[in-house]
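Numbered from 1 within each chain, the chains take letters A, B, ... in sequence-line order. All values below were derived from every heavy atom in this structure, side-chain atoms included, with hydrogens, water molecules and symmetry-related copies excluded.
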Number of protein chains: 2
Amino acid sequence: MNEQEKLLNARDRFIDSMAKNMSLYGITHSVGRLYGLLYFNEKPMTLDEMKDELGMSKTSMSTAVRQLQELNMVEKVWKKGERKDLYQAADDWYDSFTALFTTSWRTGISLNMSTINRSLKELHNLRDNPETPDEVRASVKLDIEKYQYALDYYDWLNRFVDSLESKEIFNYIPKKE
Amino acid sequence: MNEQEKLLNARDRFIDSMAKNMSLYGITHSVGRLYGLLYFNEKPMTLDEMKDELGMSKTSMSTAVRQLQELNMVEKVWKKGERKDLYQAADDWYDSFTALFTTSWRTGISLNMSTINRSLKELHNLRDNPETPDEVRASVKLDIEKYQYALDYYDWLNRFVDSLESKEIFNYIPKKE
DNA sequence: TAGTTCGTAAAGTTTTAACTGTACGAATTT
DNA sequence: AAATTCGTACAGTTAAAACTTTACGAACTA
């Protein structure tokens, strides 16, 4: 194995490890590998270059690259006189990390909260309705507490996401050791 | 729809919303629904009760409940004179949240870091080896920087997980608003 | 110790997600 | 405006995950 091969071999090993890790965040292994390729490639790449390098279809590259764009992990680059689209890896991993959670979590949180609020409203009606049998009312009261707890939790989660989005988290946990 | 039905209806709606949300964390919809069932059930439940309630197989309940146990979201309860195992939802969602990430992320982080360190060592050798061609050495130097960046990032992530595990995060983002 | 019951491993089935090939509109070139 | 190139929607295929059925060991019961 010559020097060049050793270099590429080391890269490949790390890219694979990284891609495996990314599956924890819901990113496919193939998509992770594509990110790794772009991360190490000095120049922005076209879809055709990616597909040749990874031995996959151009369609897969197209969808994978869009996924990565939506996660703010890859950005499109313009170069004059170039007809093809060029893509490069976003260089700030901290940005990518925070973006990943803010985008995917926000909608879930607010959806959950509005569901809770809707249910809570109905339960308050049940509780205050004199026609509600006493044993049902007891259950209603217990449920209300549980909804309230959930609501508090989602509020906390929301503030947690806030601290990621606003980069405030880096005041608490600084980047450089 | 009578009062009892209204109560169960509201529950069901929320459980479903919660289960959908959990899929963001890699938890199946069915497993999420099981958690919801246990969360609202006042008493701990047996596998048979769960399977009847959700209309699924007992085996599915067994594996699902174990998954939830591993995530610290469900705990086994002992009751004298009871042959069957009893399970109940863990009441502290903040604990569950932090446990979820600490357990799944830790291994990934350390795996990645050791891969990087191994690659870095090889690259340092390449860089210092006089036989390495100059243009390869240039690439090696670029790669070393990228590994170093990744290493810093994983170090940060590690400290981030630390702050979750040690509950220090709640100093920064307090539970009660 | 023979008969039950409970929990889970293993194999089989169904459902879901990833990936590919074809086809086509938009942009570009001649 | 005809021909070419590029990116992506869509339909089909393949791979993976979720779920079920069967089967069996361990613990309990009589």
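- What separates OH of A:Tyr87 from C1' of D:dG7 is a distance of 8 Å, to the nearest Å.
- Taking atom NZ on A:Lys79 and atom P on D:dC6, their separation rounds to 14 Å, with Å as the unit.
- As a whole-Å value, the separation of B:Leu34 CG from D:dT20 P is 12 Å.
- The residues A:Lys175 and B:Asp152 are annotated as not salt-bridged, no charged nitrogen and carboxylate oxygen being separated by less than 4.0 angstrom.
- OP1 and OP2 of C:dT20 both lie 4.0 Å or more from every side-chain N or O belonging to A:Thr59.
- Relative to the side chain of A:Arg83, the nucleotides C:dG7, C:dA27, C:dC19 differ in distance, and C:dA27 lies closest.
- Taking 4.0 Å as the cut-off between side-chain N and carboxylate O, B:Asp128 and B:Arg137 do not count as a salt-bridged pair.
- For B:Asp85, the side-chain atoms get nearest to C:dG7 when compared with the rest of C:dA18, C:dT20, C:dG7.
- Figure legend: cation-pi geometry between B:Lys76 and B:Tyr87 absent, as NZ or CZ is not positioned both under 6.0 Å from the six-membered ring centre and within 45° of its axis.
- Here A:Arg33 does not reach the OP1 or OP2 of C:dA18: none of its side-chain N or O atoms lies under 4.0 Å away.
- Between A:Phe170 and B:Trp156, the angle of the ring planes lies from 30° to 60°, which puts this pair in the tilted group.
- Between D:dT21 and B:Ser57, no contact under 4.0 Å exists linking OP1 or OP2 to a side-chain N or O.
- The distance between atom CG of B:Asp48 and atom P of C:dC6, rounded to the nearest whole Å, is 6 Å.
- Rounded to whole Å, the distance from CE on B:Met56 to C1' on D:dA17 is 13 Å.
- A:Met18 and B:Tyr149 fall within the same hydrophobic cluster, defined by Ile, Leu, Val, Met, Phe, Trp and Tyr side-chain heavy atoms under 4.5 Å apart, directly or through other members.
- Across the protein-nucleic acid pair, A:Lys84 atom NZ and C:dT29 atom P stand 13 Å apart, rounded to whole Å.
- Rounding to whole angstrom units, CD of residue A:Gln67 and P of C:dC19 are separated by 9 Å.
- Rounded to whole angstrom, the span from the CE atom of A:Met50 across to the C1' atom of C:dT20 amounts to 18 Å.
- Residue contacts for B:Thr28: at a heavy-atom cut-off of 4.0 Å it reaches the sugar-phosphate backbone alone, with no base atom in range.
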